[in-house]
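Beneath this line is the structure, given in structure tokens, with notes to follow.
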Amino acid sequence: MKLLTTTLTAVGALLAIVAIGPDRPAQAQPAKGAPAAYERVREVMDDRFKDMKLAGDPDKDFAALLIAHHEDLIFLARTQLEHGADEQLRRVAQKILDEQQKQISELKEWQVRNRQADYRARLDQPPHGSGPLDQKGASAPAPQVQAAAPAQPAAQPAASNLPMVSGTVEKVDAGGGKVTIDHGAIPNLNMDAMTMVFRAQDPAILQGVKEGDKIQFQADRVNGQISVVRIDTGRAQAAPTRPAAQPAAATNLPTVSGTVEKVDTAQGKVTIDHGPIPNLNMDAMTMVFRAQDPAVLKGVKAGDKVQFQADRVNGQISVVTIRKGR
């Protein structure tokens with residue numbers, strides 16, 4: 001509780017300083033690319049909690065949500081340190097980095113203990129669903145949620161001026177008018193390759209689009225939101241791109257320890273709970289990596305303790321080498 005209070009106090013101080021407004025002397029202009037960086041922070045923080053699947057166990061869900069919260073704060077603080085000029089705010093951001101990683105480590109230690117066969121919660125732990133709010137709400141039916149009124153259509157951006165981007169559909173939410181795409185770089189939005197949930201400017205463009213489709217699409221900022229304005233599923237395979245430059249020689253990359261949580265050989269991806277990655281300026285966290293060569297995933301399975309090297313390949317953070325062992 002003390003650690004959480006300290007975190008909230010630090011975040012409150014950050015917000016209070018930002019709110020001081022025009023009475024303060026003018027500060028240095030943000031570095032080029034800062035607006036796009038902060039837009040990515042906002043999009044990630046908005047979508048992350050909505051897309052998380054809960055386990056239904058209060059202890060596990062608390063730990064998972066709190067880890068996500070701490071990692072989001074680290075993402076925000078690192079963006080401030082990269083682009084911000086005000087020394088007071090930079091000190092606040094650095095304090096957040098120092099404190100959040102310690103709390104993440106404590107929570108991940110609990111997650112490891114929780115998976116062990118001999119783990120036991122305390123004997124007087126009340127059963128799940130027996131809290132006062134559960135009992136109060138048990139007799140009353142959940143209120144019906146009124147569907148939001150449809151928004152007025154935004155002005156159509158000029159599609160001819162937007163670049164076509166290659167991607168793979170990971171999820172389609174036709175009811176919510178959203179689509180999750182693992183995509184390449186989007187130049188007009190100054191956005192790196194990543195996996196992101198987009199809103200569809202017109203939900204009708206999602207008709208016929210399904211998970212696993214290789215697509216070409218266009219995206220733009222519509223009515224203040226990053227949205228897909230066109231999707232083309234006519235190609236069975238995305239147009240080939242130029243081969244990426246090889247990452248730094250593996251001998252120059254640091255070796256990082258981690259634990260494999262999931263292997264997706266079909267997609268060439270691996271989820272690793274890892275330590276800091278110095279060459280990528282990345283703290284310890286759990287992350288989905290692409291494999292530069294899917295063959296490196298052969299024989300790797302969930303639960304393996306691994307040593308691996310990672311680098312940015314063709315704009316995407318990728319595993320370059322991986323081997324079992326501590």
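For residues 277-325, the ring-ring contact (aromatic ring centres under 6.0 Å, His included) pairs, not counting sequence neighbours, are H274-F289, F289-F308. Applying the salt bridge (Lys or Arg N to Asp or Glu O under 4.0 Å) test to every pair with at least one member in residues 277-286, sequence neighbours left out, gives these pairs: R78-D283. Applying the salt bridge (Lys or Arg N to Asp or Glu O under 4.0 Å) rule to pairs touching residues 291-303 yields K301-D304, sequence neighbours excluded.
In this structure a side-chain-to-backbone donor-acceptor pair under 3.5 Å is present from D173 to G176. K262 places no side-chain N or O within 3.5 Å of a backbone atom of K269 that could act as its donor or acceptor partner. The backbone N or O of Q218 lies less than 3.5 Å from no partner atom in the side chain of R230, so there is not a single donor-acceptor pair. Within the 3.5 Å criterion, the main-chain N or O of P254 finds no donor-acceptor partner in the side chain of N279.
Among residues two or more places apart in sequence or in another chain, the side chain to side chain contact (heavy atoms under 4.5 Å, CB included) test is passed with V169 by V172, V179, V209, D213, I215. With sequence neighbours excluded, the residues satisfying side chain to side chain contact (heavy atoms under 4.5 Å, CB included) with A193 are Q316. By the salt bridge (charged side-chain N to carboxylate O under 4.0 Å, His left out) test, D264 is found to be paired with no residue, residues two or more places apart in sequence or in another chain being considered. In this view, T259 and K305 satisfy the side chain to side chain donor-acceptor pair (under 3.5 Å) rule, not counting sequence neighbours. Partners of R42 by side chain to side chain donor-acceptor pair (under 3.5 Å), not counting sequence neighbours, listed by chain and number: E39. In this structure, the side chain to side chain donor-acceptor pair (under 3.5 Å) partners of D98, at least two apart in sequence or on a different chain, are Q94. Residues satisfying the side chain to side chain contact (heavy atoms under 4.5 Å, CB included) criterion with N188, sequence neighbours excluded, are L162, P163, I186, D220. Checked against side chain to side chain contact (heavy atoms under 4.5 Å, CB included), T79 has the following partners two or more places apart in sequence or in another chain: A37, Y38, V41, F75, H83.
Heavy-atom minimum distance, V256 versus G275: CG1-O, 3.7 Å. In this structure, I277 and A310 approach most closely via the heavy-atom pair CD1-CB, 4.4 Å. Smallest separation of non-hydrogen atoms from A302 and V263: N-CG2, 4.3 Å. The shortest non-hydrogen separation linking Q80 to A93 is CG-CB, 3.9 Å.
Atom-to-atom distance recorded for H70:NE2 and I96:CD1 is 11.5 Å, nearest 0.5 angstrom. Summarising the geometry, atom CD1 belonging to I322 is positioned 11.5 Å from atom OG1 belonging to T255; distances are rounded to the nearest 0.5 Å. Between atom CD1 of residue I226 and atom CZ of residue R199 there is a gap of 9.5 Å, rounded to the nearest 0.5 Å. Distance check: M285 CE to I272 CD1 gives 13.0 Å after rounding to the nearest 0.5 Å. In this structure, the separation between CD on Q309 and CZ on R323 is 8.5 Å, given to the nearest 0.5 Å. With rounding to the nearest 0.5 Å, the separation of OG in S227 from CG in D202 is 11.0 Å.
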Subject >> From CA spacing to verdict: side-chain contact (heavy atoms from CB on, under 4.5 Å), V296, Q292 >> reply: CA-CA 8 Å; V296 303; Q292 182 197 9; over 6 Å; no
**OP:** Could you go through the side-chain contact (heavy atoms from CB on, under 4.5 Å) check for I67 and E71 one step at a time?
**Re:** CA-CA 6 Å; I67 288 173; E71 290 182 346; 3.7 Å; yes
**OP:** Start with the C-alpha gap between E211 and E170, add the side-chain angles, then the distance that decides, and say whether side-chain contact (heavy atoms from CB on, under 4.5 Å) holds.
**Re:** CA-CA 5 Å; E211 180 179 337; E170 295 205 343; 5.6 Å; no
Subject >> Step-by-step side-chain contact (heavy atoms from CB on, under 4.5 Å) determination, S166 to H183 >> reply: CA-CA 6 Å; S166 300; H183 61 80; over 6 Å; no
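Contact of the V222 side chain with the V229 side chain is registered, since non-hydrogen atoms from C-beta on lie closer than 4.5 Å. Counting heavy atoms from C-beta outward, M287 and M282 have side chains that approach closer than 4.5 Å. Side-chain contact between S257 and Q307 is present, with heavy atoms from C-beta onward closer than 4.5 Å. Contact of the V270 side chain with the V288 side chain is not registered, since no non-hydrogen atoms from C-beta on lie closer than 4.5 Å.
Other residues, nucleotides and ligands contribute more than 12 heavy atoms inside 6.0 Å of the NZ atom of K108.
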